[in-house]
Asker: 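A single structure is presented below for examination.
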Amino acid sequence: MSTPMLITAAMVGAETTREQTPYLPITAEEIAEDAVKCREAGAAMVHLHVRTADGKPSQDAELFRAAIRAIRKRTDVLIQTSTGGAVGMDVDERCGALTLTGADRPDMATLTTGTVNFGEEVFWNPRPLVRDIAKRIRAIGLRPELECFDVGMIDEARYLAKEGLVEMPAHFDFVLGVPGTLQARPEVLDFMIASLPEGCTWTVAGVGRQQLAFVDEAAKRGGNARVGLEDNIYLSKGVLAKGNFELVAEAVRRARSHGREPATPEQARQLLRLG
Ligand code: KMH
Ligand code: ZN
């Protein structure tokens with residue numbers, strides 16, 4: 001039997017707008033509705049950002065609480081909250097979801113381990129800030145998904161492990177294809193996989209038109225994939241996905257074409273070592 005493939009749905013993000021696609025979920029109920037369909041289609045985890053009622057990116061704890069409650073009322077999909085937020089947010093704002101405890105605590109949180117150009121802007125992650133966020137993630141007993149936009153960020157994760165801030169083996173997400181950063185090419189993925197510390201697991205998030213093609217690349221290599229409206233709004237050239245669930249369904253179809261079955265949330269917990 002081949003290893004189950006974790007499909008993560010990056011449902012909302014901070015950059016995608018309703019002007020670009022009317023199918024972007026914004027309210028807690030819209031997010032939960034799409035999350036239920038994503039789980040039914042085969043996603044085991046959602047990567048979550050939240051928005052204010054008028055669609056602006058936010059990392060507000062109460063908005064996260066509302067979305068997490070709405071999702072958990074209806075489905076068992078794992079919830080990974082963003083600590084990246086939107087460019088320009090300060091660290092306390094970015095870490096809003098890490099103040100949630102008890103039944104509202106997320107299952108996992110992202111940790112980006114370095115700074116990159118991000119389109120015309122800069123996604124700032126200086127080393128002290130990365131360490132601050134890593135400590136906050138540890139303090140509430142979560143494991144991070146290490147978001148790496150470049151191979152140097154994998155090396156930085158090794159330093160974080162040496163400093164006792166991240167436990168190895170860890171789970172990484174290679175985010176490839178943001179304008180101004182490392183682009184999504186098969187040989188780049190091979191180099192990133194070869195650069196991982198022993199025993200680590202990985203997901204690849206192809207941004208833009210490479211998203212679905214990189215589900216195939218991940219499936220072939222025994223890895224995992226992230227799809228969703230945060231990174232790509234099209235199901236095929238010029239055809240908008242009518243929700244995150246359509247991208248998940250297509251990812252699952254591609255995974256199966258390589259003999260990979262989508263992981264259940266329980267299997268994803270094991271893969272991600274969430275205990
Ligand atoms: N929106 C990006 C600037 C994360 O979620 O942790 C950062 C981001 C990463 O989306
Ligand atoms: Zn994100």
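In each ligand, atom 1 is the first atom listed, and ligand 1 is the first ligand listed.
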Asker: Report the nearest protein non-hydrogen atom to atom 4 (C) of ligand 1: residue, atom name, distance rounded to 0.1 Å.
Answerer: Ser82 OG, 3.2 Å
Asker: Looking at Asp92 and Arg136, does any basic side-chain N land under 4.0 Å from a carboxylate oxygen?
Answerer: yes
Asker: Could you walk me through whether Glu33 and Arg74 pass the salt bridge (charged side-chain N to carboxylate O under 4.0 Å, His left out) check?
Answerer: CA-CA 8 Å; Glu33 177 72 26; Arg74 297 183 54 187; 3.1 Å; yes
Asker: Considering heavy atoms of the protein only, find what lies nearest to atom 9 (C) of ligand 1 and give residue, atom and distance to 0.1 Å.
Answerer: Gly84 CA, 4.0 Å
Asker: With atoms numbered from 1 as shown, which atoms in ligand 1 lie under 4.0 angstrom from a non-hydrogen atom of Gly85?
Answerer: 1 (N), 2 (C), 3 (C), 7 (C)
Asker: Taking only heavy atoms of Glu15 into account, list the atoms of ligand 1 that are under 4.0 Å away from them.
Answerer: 1 (N), 2 (C), 3 (C)
Asker: For N/O/S atoms only: which one belongs to Glu230 and is nearest the Zn ion (ligand 2)?
Answerer: OE2
Asker: Return yes if a side-chain donor-acceptor contact under 3.5 Å exists between Thr203 and His171, otherwise no.
Answerer: yes
Asker: In terms of side-chain geometry, is the basic nitrogen of Arg221 or Asp190 positioned less than 4.0 Å from the acidic oxygen of its partner?
Answerer: yes
Asker: With Asn125 as reference, evaluate Arg94, Glu147, Glu156 under the side chain to side chain donor-acceptor pair (under 3.5 Å) test and give the passing residue.
Answerer: Arg94
Asker: Assess the side chains of Ser58 and Asp60: does a donor N or O sit below 3.5 Å from an acceptor N or O?
Answerer: no
Asker: Would you check whether Ala14 has a nitrogen or oxygen atom less than 3.5 angstrom from a nitrogen or oxygen atom of ligand 1?
Answerer: no
Asker: Nearest heavy atom to atom 6 (O) of ligand 1 wins, so pick from Val12, Val122, Thr110, Thr112.
Answerer: Thr110
Asker: I want to know if ligand 1 touches Glu230 in the polar sense, i.e. an N/O pair below 3.5 angstrom.
Answerer: yes
Asker: What is the name of the N/O/S atom of His49 that is nearest to the Zn ion (ligand 2)?
Answerer: NE2
Asker: Could you list which atoms of ligand 1 come closer than 4.0 Å to a heavy atom of His47?
Answerer: 4 (C), 5 (O)
Asker: Using 30° and 60° as the class boundaries, would you call the ring planes of Trp202 and Phe174 parallel, tilted or perpendicular?
Answerer: parallel
